[in-house]
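Okay, structure first, notes after.
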Amino acid sequence: MTDSAPVDDEPTTPPPASPAAAVTPPATRAGEPDAPEAPPARLWDRMREDPQYAPEHLALEAVRRLGPEAAQWAARARAERPDVDADDLAEQAVRKFVNQARLSGAVSGVAGLPGAVIDVGVLAWTQARLVLHVAAAYGVDPVHPDRATDLLVLQKVHKVAESARLALGVAAGRERAGALFGHGAQNPLGKVMLRLGVRLAQMAGVRAAKRMFAKVVPGAAIILGTWANSSATRDLAERACALYRAGRGGVPQPRRP
């Protein structure tokens with residue numbers, strides 16, 4: 001695993017109790033959002049209770065919740081345009097979710113560490129949606145459990161699929177145990193949330209320090225947040241396109257301009 005250790009002397013202000021309520025995007029056809037969407041409230045609770053495995057919990061929930069959406073999108077697009085090229089379909093998804101990523105650094109309306117934790121969670125969720133849509137564009141099943149492994153490797157939470165699968169198994173077991181028996185005593189909330197923010201920032205490809213700076217320094221959130229989010233998401237999109245283009249029998253090629 002490639003865990004990031006929290007820094008003891010960083011701020012420990014906890015985020016709002018319901019981060020999912022911080023982003024309420026308007027919906028378009030078939031329920032697809034046209035603005036960044038926050039992870040569901042139950043996922044926030046799960047990640048807060050088990051921050052060490054926050055990326056794994058997010059990946060598992062993304063495949064369950066966002067995979068069907070991606071499959072429906074791809075099926076509808078092909079029905080409307082039977083001759084559509086997979087590369088064109090993937091690029092359509094990339095443009096949509098890179099644009100959403102640009103907005104995700106300022107949508108929470110919350111300053112300081114709470115806003116930073118919410119924003120990196122929204123960004124990681126948007127990036128998961130992008131990857132699953134790209135998979136669907138190339139005819140790869142976005143609801144298959146292997147997509148959670150893909151997410152963790154593509155987002156560089158784990159270097160190889162084997163370690164990602166192991167961590168997903170642990171996270172799934174902890175999820176089931178928590179549902180059955182509840183959770184025991186935890187570390188102080190502020191420290192837990194800081195660790196959660198660092199783990200989600202790692203998943204989203206944005207260093208926690210940049211996210212904190214973007215939320216704390218007036219005026220920096222739009223400039224730095226937009227650049228960091230779009231850059232990290234575009235890089236992820238290129239890796240996802242290469243993976244799924246090759247997975248359908250092709251040879252990875254550079255993204256067309």
Side-chain angles (χ1 to χ4, degrees), residues 15 17-51 53-77 90 92-94 96-101 103-104 107-108 117-155 157 164-165 167-179 196 199-200 203-204 233 236-237 240 244:
S18 301
V23 183
T24 330
T28 56
R29 183 176 53 180
E32 292 181 4
D34 57 8
E37 178 182 319
R42 290 183 64 180
L43 174 59
W44 277 114
D45 292 341
R46 198 176 305 139
M47 293 191 297
R48 187 167 56 241
E49 292 163 350
D50 193 19
Y53 287 92
E56 288 79 12
H57 289 304
L58 190 147
L60 289 168
E61 186 67 19
V63 172
R64 286 192 292 254
R65 185 177 291 255
L66 304 179
E69 170 195 297
Q72 292 167 11
W73 165 79
R76 185 175 64 247
Q92 179 182 332
V94 169
K96 175 183 178 70
F97 295 113
V98 167
N99 285 338
Q100 287 191 11
L103 299 174
S104 66
V107 292
S108 71
V117 174
I118 293 172
D119 286 349
V120 292
V122 172
L123 178 58
W125 190 247
T126 299
Q127 290 179 346
R129 180 176 261 117
L130 179 152
V131 169
L132 294 172
H133 277 68
V134 168
Y138 284 108
V140 178
D141 185 3
V143 303
H144 193 281
D146 282 351
R147 300 295 81 75
T149 301
D150 293 347
L151 280 169
L152 295 176
V153 175
L154 285 167
Q155 292 178 293
V157 177
R165 290 192 189 99
L168 285 165
V170 173
R174 292 160 76 98
E175 178 181 327
R176 290 191 295 270
L196 172 58
R199 292 292 283 154
L200 289 175
M203 186 180 196
T233 305
L236 172 65
Y244 294 127

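Count residues from 1 along the sequence.
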Quiz item: So does Glu69 pair up with Arg129, basic N to acidic O under 4.0 Å?
Solution: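 Answer for the salt bridge query: yes.
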
Practice problem: Decide, yes or no, whether a salt bridge links Asp45 with Arg42 under the criterion of side-chain N to carboxylate O below 4.0 Å. | Solution: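 The answer is no: the pair does not qualify as a salt bridge.
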
Quiz item: Looking at residues at least two apart in the chain, or sitting in another chain, which of them share a salt bridge (charged side-chain N to carboxylate O under 4.0 Å, His left out) with Arg64?
Solution: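 So Arg64 forms a salt bridge (charged side-chain N to carboxylate O under 4.0 Å, His left out) with Glu61, Glu175.
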
Please report the shortest heavy-atom distance between [X] and [Y], naming the atom on each side.
X      : Y      : answer
Val117 : Trp44  : O-CH2, 3.5 Å
Gly121 : Leu200 : CA-CD1, 3.8 Å
Ala59  : Leu168 : CB-CD2, 4.3 Å
Thr149 : Ala164 : CG2-CB, 3.9 Å

Quiz item: Are any side-chain N or O atoms of Glu56 and backbone N or O atoms of Ala167, one a donor and one an acceptor, separated by less than 3.5 Å?
Solution: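 The answer is no, because no donor-acceptor pair under 3.5 Å joins these two groups.
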
Self-check item: Sidechain-backbone polar pair: Arg199 side chain, Tyr53 backbone, donor-acceptor under 3.5 Å
Solution: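 Not a single qualifying donor-acceptor pair exists.
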
Quiz prompt | Stepwise side chain to side chain contact (heavy atoms under 4.5 Å, CB included) test for Trp73 and Lys96 | solution = CA-CA 13 Å; Trp73 165 79; Lys96 175 183 178 70; 6.0 Å; no

Quiz item: Once you round to the nearest 0.5 Å, how far does CG of Asp150 lie from OH of Tyr244?
Solution: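 Output value for this atom pair is 3.5 Å.
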
Quiz item: Rounded to the nearest 0.5 Å, what separation is found between the CG atom of Leu66 and the NE2 atom of His133?
Solution: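 Here the rounded value is 8.0 Å.
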
